[in-house]
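Each remark here refers to the structure printed beneath this line.
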Amino acid sequence: MRAVSGKTRVCGIFGCPIGHSFSPAMHNVAFEHLGLDWVYVPYSVEPGSLPSAVAAVKSLNLAGVNVTVPHKQEAAGLMDNLSPAARLSGAVNTIVNSKGKLVGHNTDGEGFIQGLRESTGIIPNYGATIILGAGGAARAVAAALALNNMPEIFVSNRTSSKAAALAELINNNTDCKVSVLAWPECYRESNLKEKGKWQEILKRVSLVVQTTPLGMHPRENEEIPFPFNFLCPEHTVVDLVYNPSYTNFMEQSNKYGARVLNGIGMLLHQGAIAFKLWTGLEPPIEVMRKALHSEIARL
Ligand code: ATR
């Protein structure tokens, strides 16, 4: 255990619950590797307490914090400034204390893009993307894709009004064209019109991103009624779930030849980007990756 002194720079994470976060392991190992006198502390911040916790970033002179469930959207309203991705997605997962001014960033979406680039070499500005889900993760991914010049996105969500709200947000603020696609449940019910539409759209799509908690431990057996048989080797399918690290959704997609990725890349890179924002240094990616994998192996 490293000694903490009056000179130690402190950053951390605000969330509730926070006990299972992988971020402390990932960041502390990175600080140690670079010989930095920094420490990363998990803070349990109850719903309702975020404004006072954010005020403490200034009063305690923390270098910055990550923000996680359930505070990401509320945090956006408490910042002095927002990055373009945070403004567009309406959510903040990283706060930087810049000489007493709090700047809110959203590194989840950019983390997703970097994870994708690293694994596939894909620069996601061609073809189109289908996003399953319209919650916080879907917003971050949609905003990042739109800011990275993805021309077209289809959002499919169980509650279609939420998909419509996400589509409106991106359509009104970027050049990306976003449309709502019926949740594939209707495909399972043999609705031929919808089935044809999915088939047609999947011909234009290069990327499918699964952002719902379906298939995540302990819901491994909950299926997503996706028309897997319309997939082919031209498709890249990313399931943002990382526990289990190989989901049913990935397995089914891979059966039809699609290239499949889990959510570990996004998790790693959102942390690495936050590290760089706080320290100004290149993050030791491989050290952080190793720490993340050993945390996940312990689940
Ligand atoms: P996150 O921040 O991880 O994205 P969230 O904001 O709570 O979490 O969003 C969860 C997403 O998963 C939503 O799109 C949700 O669909 P609804 O908008 O219809 O609630 C989706 N989701 C959760 N459970 C689901 C289920 N059993 N079937 C289909 N979609 C589900």
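Order of listing sets the numbers, starting from 1, for every ligand and every atom in it.
Residues meeting the side-chain hydrogen bond (donor to acceptor under 3.5 Å, both in side chains) test with Lys276, sequence neighbours left out: Glu282.
In terms of protein heavy atoms, atom 9 (O) of ligand 1 is closest to Gly135 CA, 3.4 Å.
The presence of a protein heavy atom under 4.0 Å from atom 7 (O) of ligand 1 is ruled out.
The residue among Asn157, Leu132, Thr159 with a heavy atom at the shortest distance from atom 14 (O) of ligand 1 is Asn157.
Residue contact check: Trp183 has heavy atoms under 4.0 Å from atoms 29 (C) of ligand 1. Residue Gly133 has at least one heavy-atom neighbour below 4.0 Å for each of these atoms of ligand 1: 14 (O). The atoms of ligand 1 that sit less than 4.0 Å from any heavy atom of Arg219 are 24 (N), 27 (N). Residue Ala137 has at least one heavy-atom neighbour below 4.0 Å for each of these atoms of ligand 1: 1 (P), 2 (O), 4 (O). Close contacts of ligand 1 with Thr212, meaning ligand atoms under 4.0 Å from a residue heavy atom, involve 12 (O), 21 (C). Close approach of ligand 1 to Pro213 (heavy-atom distance below 4.0 Å) involves ligand atoms 12 (O), 22 (N), 23 (C). Atoms of ligand 1 lying under 4.0 Å from at least one heavy atom of Ala134, given by number and element, are 14 (O). Near Lys162, with a cut-off below 4.0 Å to any heavy atom, the atoms of ligand 1 are 17 (P), 18 (O), 20 (O).
Residue Glu222 qualifies as enclosed at atom CD: its count of foreign heavy atoms under 6.0 Å is above 12.
Looking at Asn66 and Phe14, their side chains never come closer than 4.5 Å, going by heavy atoms from C-beta outward.
When heavy-atom distances to ligand 1 are checked against a 4.0 Å cut-off, Val69 has no atom that comes that close, whether in backbone or side chain.
The shortest N or O to N or O distance between Arg158 and ligand 1 is under 3.5 Å. The N/O atoms of Gly136, backbone and side chain alike, include one that comes under 3.5 Å of an N/O atom in ligand 1. Residue Glu222 has no nitrogen or oxygen atom sitting less than 3.5 Å from a nitrogen or oxygen atom of ligand 1, judged on distance alone.
For the ring pair (Phe, Tyr, Trp, His ring centres under 6.0 Å) with Trp198, the lone residue among Phe228, Phe226, Phe230 that qualifies is Phe226.
With respect to the salt-bridge test (charged N to carboxylate O, under 4.0 angstrom), the residues Arg298 and Glu295 qualify. We find that Lys203 and Glu234 are not joined by a salt bridge, their nearest charged nitrogen and carboxylate oxygen being 4.0 Å or further apart.
In terms of modelled atom types and a separation under 3.5 Å, the side chain of Arg219 and the main chain of Leu214 share no donor-acceptor contact.
Rounding to the nearest 0.5 Å gives a distance of 5.5 Å between OG of Ser179 and CD of Glu152.
Ring planes of His27 and Phe275: parallel class, angle under 30° (limits at 30 and 60°). Aromatic ring orientation, Phe31 versus Trp38: tilted (interplanar angle from 30° to 60°).
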